[in-house]
Amino acid sequence: MAAVGCPPPPPLPPPPAPPASPPHVFGLEKGRLLKEALARSDPGLGVREDVRRLLRLRRDRFRSDLKWILFCSDVPSLIQEGPQCGLVALWMAGSLLALPQDIPLENIVAVALERGYTAQGEMFSAASMARLAKEVFGCQVELLSGGLGEPNRCHILQHLIAGFPLLVPYPLHARATGLLLGVPSPILSPDYEEDSELKGLFYPASDKLPLLPEDPPEAVYLLSKQGKSWHYQLWDYEQLCESNLQLTDLAPVRTTDGKVYVVPPGGVQAGLCGQSLLLRP
């Protein structure tokens, strides 16, 4: 029993405040799991198998009177969660830049948050994406405006044939990693070799420097990946040109979800419409 007249013991100090948790970054958990799954998957499945699959499934879209030449590079996949398509596309692009070491998506997101380029993982400014790519990859970045048509078209095709990535804003950011060209030549030069499984599909010969074919292509498809699928997709070049020029407003779902987004002065139209990024080591 306490002695009469003794003061009560002092109150216990408050518990220490928990450390501030970092902002939630959508997609990192799924991305990690997907990367591990891909590491265990059959290494023989890749871009050529995906293109064969697409050509077989969509025979009606690819003219049988043309020879189809595929210029491609294999890249890893990463599934996004939430509005992270641009940052996931940028992470994929890093695989074609001969980086001395892999840059985790977490690092890219952290820099984008710190620089004020994004709040939820969104990227509504091609100029900010260009600065981010330079900082995290130490690469060369060329920001194109005026759309994917002329005078940019030939420059973009040569860039992709050389094996470098293209980032294209459209309703989702796509990361173009190659080209599928339909040319009218009845016989191709020895610079190209035919696919062993699918007649009419050709690749640049392994001992040749990839170049645009002499005959102007009558059909052009971009080979791309984005954060909604781990399969390659083929995008009609002209349709992608039109889509890229229609980025004028924030999607209605973003304006009503109660979240804060980083939108550049002039809005989405000023930040993304008609713009694309060419990345080089």
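One-based numbering along the sequence shown.
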**Asked** Hey, which of Tyr237, Trp235, Phe62 is the one that makes ring pair (Phe, Tyr, Trp, His ring centres under 6.0 Å) with Tyr221?
**Response**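 When Tyr237, Trp235, Phe62 are each tested with Tyr221, the ring pair (Phe, Tyr, Trp, His ring centres under 6.0 Å) holds only for Phe62.
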**Asked** For residues 129-169, which residue pairs qualify under ring-ring contact (aromatic ring centres under 6.0 Å, His included), counting only residues two or more places apart or in two chains?
**Response**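 Of all non-adjacent pairs touching residues 129-169, those that pass ring-ring contact (aromatic ring centres under 6.0 Å, His included) are His159-Phe164.
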**Request:** Would you check, one step at a time, whether the test side-chain contact (heavy atoms from CB on, under 4.5 Å) holds for Leu180 with Phe71?
**Result:** CA-CA 6 Å; Leu180 182 67; Phe71 302 87; over 6 Å; no
Given 3.5 Å as the limit, does a donor-acceptor pair link the side chain of [X] with the main chain of [Y], or not?
{"X": "Glu122", "Y": "Val262", "result": "yes"}
{"X": "Trp91", "Y": "Gly86", "result": "no"}
{"X": "Gln269", "Y": "Gly266", "result": "no"}
{"X": "Gln275", "Y": "Ala126", "result": "no"}
{"X": "Asn244", "Y": "Cys273", "result": "no"}
{"X": "Thr177", "Y": "Ser73", "result": "yes"}
{"X": "Asp65", "Y": "Pro184", "result": "no"}

**Common cluster, Leu144/Leu245, ILVMFWY with side-chain heavy-atom separation under 4.5 Å** =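 No, Leu144 and Leu245 fall in different hydrophobic clusters.
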**Message:** I'd like to know if Val88 and Val141 are part of one continuous hydrophobic network [Ile/Leu/Val/Met/Phe/Trp/Tyr, side-chain heavy atoms within less than 4.5 Å].
**Reply:**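 Yes, Val141 and Val88 fall within the same hydrophobic cluster.
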**Message:** Is there a side-chain contact (heavy atoms from CB on, under 4.5 Å) between Val109 and Leu105? Walk through the geometry before answering.
**Reply:** CA-CA 6 Å; Val109 174; Leu105 177 63; 4.1 Å; yes
Could you tell me whether the side chain of [Y] reaches within less than 4.5 Å of the side chain of [X], counting heavy atoms only?
{"X": "Leu179", "Y": "Leu222", "value": "yes"}
{"X": "Asp249", "Y": "Val268", "value": "no"}
{"X": "Arg115", "Y": "Glu135", "value": "yes"}
{"X": "Leu132", "Y": "Met123", "value": "yes"}
{"X": "Gln158", "Y": "Arg153", "value": "no"}
{"X": "Ser125", "Y": "Leu272", "value": "no"}
{"X": "Val51", "Y": "Leu223", "value": "yes"}
{"X": "Val183", "Y": "Leu188", "value": "yes"}

**Request:** Check step by step if side-chain contact (heavy atoms from CB on, under 4.5 Å) holds for Met129 and Tyr117.
**Result:** CA-CA 8 Å; Met129 181 73 88; Tyr117 299 152; over 6 Å; no
Working to the nearest 0.5 angstrom, can you tell me the gap between [X] [atom1] and [Y] [atom2]?
{"X": "Phe202", "Y": "Glu193", "atom1": "CZ", "atom2": "CD", "value": "10.0 Å"}
{"X": "Leu250", "Y": "Phe124", "atom1": "CG", "atom2": "CZ", "value": "4.5 Å"}
{"X": "Leu166", "Y": "Leu148", "atom1": "CG", "atom2": "CG", "value": "7.0 Å"}
{"X": "Leu167", "Y": "Met92", "atom1": "CG", "atom2": "CE", "value": "10.5 Å"}
{"X": "Ile69", "Y": "Leu201", "atom1": "CD1", "atom2": "CG", "value": "9.5 Å"}
{"X": "Leu279", "Y": "Cys139", "atom1": "CG", "atom2": "SG", "value": "4.0 Å"}

Between [X] and [Y], what is the shortest heavy-atom contact and its length?
{"X": "Leu181", "Y": "Pro213", "answer": "CD1-CD, 3.9 Å"}
{"X": "Pro264", "Y": "Gly271", "answer": "CG-CA, 3.8 Å"}
{"X": "Ser276", "Y": "Pro169", "answer": "CA-CD, 4.1 Å"}
{"X": "Gly121", "Y": "Leu87", "answer": "O-CD1, 3.6 Å"}
{"X": "Leu90", "Y": "Ala133", "answer": "CD1-CB, 3.7 Å"}
{"X": "Pro190", "Y": "Ala205", "answer": "O-CB, 3.9 Å"}

**Residues that Asp195 engages under side chain to side chain donor-acceptor pair (under 3.5 Å), provided they are two or more places apart** =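 For Asp195 the side chain to side chain donor-acceptor pair (under 3.5 Å) partners, ignoring immediate neighbours, are Arg52, Tyr203.
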**Message:** Tell me whether Lys67 is salt-bridged to Glu218, with the criterion being a basic N under 4.0 Å from an acidic carboxylate O.
**Reply:**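 No, no charged N to carboxylate O under 4.0 Å.
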**Asked** Would you call Glu142-Arg280 a salt bridge at under 4.0 Å N-O?
**Response**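 Yes.
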**Message:** Before you tell me yes or no, could you show the steps for Arg56 and Glu197 under salt bridge (charged side-chain N to carboxylate O under 4.0 Å, His left out), namely the whole-Å CA-CA distance, both residues' side-chain angles and the distance that decides it to 0.1 Å?
**Reply:** CA-CA 11 Å; Arg56 289 177 179 128; Glu197 298 181 22; 3.6 Å; yes
**Message:** Go through it in stages, so that I can follow the logic: the residues are Lys199 and Glu194, the test is side-chain contact (heavy atoms from CB on, under 4.5 Å), and I'd like the CA-CA distance, side-chain angles, deciding distance and then a yes or no.
**Reply:** CA-CA 7 Å; Lys199 187 176 180 181; Glu194 193 165 16; 3.3 Å; yes
**Request:** Not counting sequence neighbours, list each pair that qualifies as a salt bridge (charged side-chain N to carboxylate O under 4.0 Å, His left out) and has a residue in residues 266-277.
**Result:**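 Listed by first then second residue: nothing to list.
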